[in-house]
Trainee: 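The structure under discussion is supplied below as structure tokens; questions concerning it will follow.
Here the structure is a predicted model, which means the values were calculated and not measured. In what follows, residues are counted from 1 in the order of the sequence shown.
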Amino acid sequence: MIALRALRLAMLAAGTAGGLSGAAWGLLNGQSRYARRVIGPPANMPLRADGIHLPEGVGPVPRSELPEGTQPLDLAVLGDSAAAGLGVNFPDELLGVLIARGLAAELDRPVSLRTHAIVGTTSQELHAQVDALLPLPPQLALVIIGANDVTSRLSVATCAEMLGAEVRRLAEAGVAVVVGTCPDLGSIRPIPQPLRSVASSWSLALGRAQRREVEANGGHAVPLADLLSPEFLARPAEFFSPDRFHPSAAGYQAAAEILLPAVCAALGEWTGGPLPTAPTRSAAAEARRPTSRIVARLNRRLRSRADVES
């Protein structure tokens, strides 16, 4: 997901929009350093379980074990550490494996999983993953991207446009594309307030922009922040891994349950009835004050304190 050392870039964007005072900037910068210490670097690299997964929930298995003439559906997973499944302890808990096996059970057909996702990937770097994929295009691509874009020094609109361009490249190659948009960084408890609200506002804005670009370029968008943030906010001990930053097995399972119907629908294979219209903004997000109000209140408080001390 996001590199905490670069949350200061989100603060810079908030300061440009909301007028952070020097004192407020210092407070947020100090909170960023604290969050970096608490979370620390990832303890391990993501596990891998690429290969053929069967409807019975078994895999990966050698192609030689398939009945003669059986052709697996080809699924590729692209994006960042969330797409790669960082934070789980067993291959069976990886997001790609959960989607591959769920899809295999739904279609009653083997699914061949290949993971191109790389920890730390931004929308700008997604181009290289698509390049690696296109010589042998899959039938379906699942993309989860966005949380690291706070490190890229690019605007929300630019990051979303880059994602849209890669979705278009995949769609033009005949690939069905499903994108899980940027998660709500405000659900990460080790990020203290008001920095958490700054990160939340930024990530929610990116998620909305990503959704517009994905749908405009032939993909199917699943707004993860809108659909998952209430669960992650209400049950952080269960839904986050021990680093309190990446999802746990339960967190990835919740994401897979939301993504699977969209993945099936993108293939024209969903038989579970009409999919509900995804919200444009979650109740949890609506309950938060906009960042501009937080910044303004913070500035007023710090100015008052400075006046008293002087």
Side-chain angles (χ1 to χ4, degrees), residues 45-79 81-118 126 128-145 166-167 169-180 218-222 247-275:
M45 294 306 292
L47 301 170
R48 281 286 185 267
D50 287 4
I52 297 172
H53 295 264
L54 304 180
E56 296 81 10
V58 178
V61 301
R63 188 174 290 267
S64 60
E65 292 189 10
L66 298 181
E68 186 176 352
T70 300
Q71 185 61 37
L73 183 138
D74 195 7
L75 164 67
V77 178
L78 295 79
S81 59
L86 187 62
V88 302
N89 297 317
F90 303 100
D92 289 354
E93 300 168 339
L94 292 167
L95 179 62
V97 170
L98 295 172
I99 295 296
R101 292 181 180 175
L103 190 57
E106 185 70 27
L107 304 183
D108 194 23
R109 174 184 177 185
V111 173
S112 180
L113 170 66
R114 44 180 165 141
T115 304
H116 292 262
I118 299 173
L126 184 62
Q129 294 183 24
V130 175
D131 279 348
L133 196 67
L134 286 181
L136 189 61
Q139 289 151 287
L140 172 69
L142 172 64
V143 184
I144 299 178
I145 198 76
E166 299 311 317
V167 170
R169 291 176 68 203
L170 290 167
E172 289 174 348
V175 180
V177 186
V178 175
V179 177
H220 302 257
V222 179
S248 65
Y252 284 119
Q253 180 66 49
E257 290 173 358
I258 287 173
L259 289 164
L260 184 59
V263 164
C264 293
L267 292 168
E269 298 285 354
W270 177 246
T271 58
L275 294 178

Trainee: So which atom in L260 and which in L103 form the shortest heavy-atom distance, rounded to 0.1 Å?
Mentor: CD1-N, 3.6 Å
Trainee: Any side-chain heavy atom of I99 within less than 4.5 Å of one from V77?
Mentor: no
Trainee: What is the minimum heavy-atom distance between L73 and Q139, and which atoms define it?
Mentor: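 Nearest heavy atoms, L73 then Q139: CA-OE1, 3.3 Å.
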Trainee: When you measure from the side chain of R101 to the backbone of G59, do you find a donor-acceptor pair of N or O atoms at a distance under 3.5 Å?
Mentor: yes
Trainee: Out of curiosity, I118 CD1 to L126 CG, how far, rounded to the nearest 0.5 Å?
Mentor: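 It comes to 10.0 Å.
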Trainee: Between R109 and T70 (side chain of the first, backbone of the second, donor and acceptor by atom type, cut-off under 3.5 Å), is there such a pair?
Mentor: no
Trainee: Measure across V175 and P137 and return the closest heavy-atom pair with its distance rounded to 0.1 Å.
Mentor: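 Looking at all heavy atoms of both residues, the closest pair is CG2-CB, 3.9 Å.
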Trainee: Looking at every heavy atom in both A256 and L98, which two are closest together, and how far apart are they?
Mentor: CB-CB, 3.8 Å
Trainee: Hey, does R114 have a side-chain heavy atom less than 4.5 Å from the side chain of L136?
Mentor: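 Yes, at least one pair of side-chain atoms sits under 4.5 Å.
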Trainee: Among residues at least two apart in sequence or on other chains, which ones pass side-chain contact (heavy atoms from CB on, under 4.5 Å) with E172?
Mentor: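 Listed in chain order: R168.
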Trainee: Would you check, one step at a time, whether the test side-chain contact (heavy atoms from CB on, under 4.5 Å) holds for V222 with V263?
Mentor: CA-CA 10 Å; V222 179; V263 164; over 6 Å; no
Trainee: Looking at every non-hydrogen atom in both residues, tell me the closest pair between A117 and Q129 and how far apart they are.
Mentor: CA-OE1, 3.7 Å
Trainee: Does any part of the side chain of R169, heavy atoms only, come nearer than 4.5 Å to the side chain of D131, both counted from C-beta?
Mentor: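 Yes - at least one pair of side-chain heavy atoms lies under 4.5 Å apart.
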Trainee: Spell out, as yes or no, whether a donor-acceptor pair under 3.5 Å connects the side chain of E65 to the backbone of P62.
Mentor: no
Trainee: Would you say that L134 contacts L170 through its side chain, given a criterion of any heavy-atom pair below 4.5 Å between the two side chains?
Mentor: yes
Trainee: Using only atom types and a distance under 3.5 Å, with no angle test, would you say the side chain of S248 pairs donor to acceptor with the backbone of G251?
Mentor: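 Side chain of S248 to backbone of G251: a pair is present.
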Trainee: Starting at OG1 of T115, measure out to CG of D50 and round the result to the nearest 0.5 Å.
Mentor: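 If I round to the nearest 0.5 Å, the distance is 3.5 Å.
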Trainee: Using 0.5 Å steps for rounding, measure from the CD atom of Q71 to the OG atom of S112.
Mentor: 9.0 Å
Trainee: Ignoring hydrogens, what is the shortest heavy-atom contact between P110 and L66? Give both atom names and the distance.
Mentor: CG-CD2, 3.9 Å
Trainee: Rounded to the nearest 0.5 Å, what separation is found between the CG atom of L113 and the CZ atom of R48?
Mentor: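 Output value for this atom pair is 9.0 Å.
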Trainee: Let me confirm one number: the CG-CG distance from L133 to D74, rounded to the nearest 0.5 Å.
Mentor: 8.0 Å
Trainee: To the nearest 0.5 Å, how far apart are CD1 in I144 and OG in S81?
Mentor: 9.5 Å
Trainee: Hey, does V143 have a side-chain heavy atom less than 4.5 Å from the side chain of V167?
Mentor: no
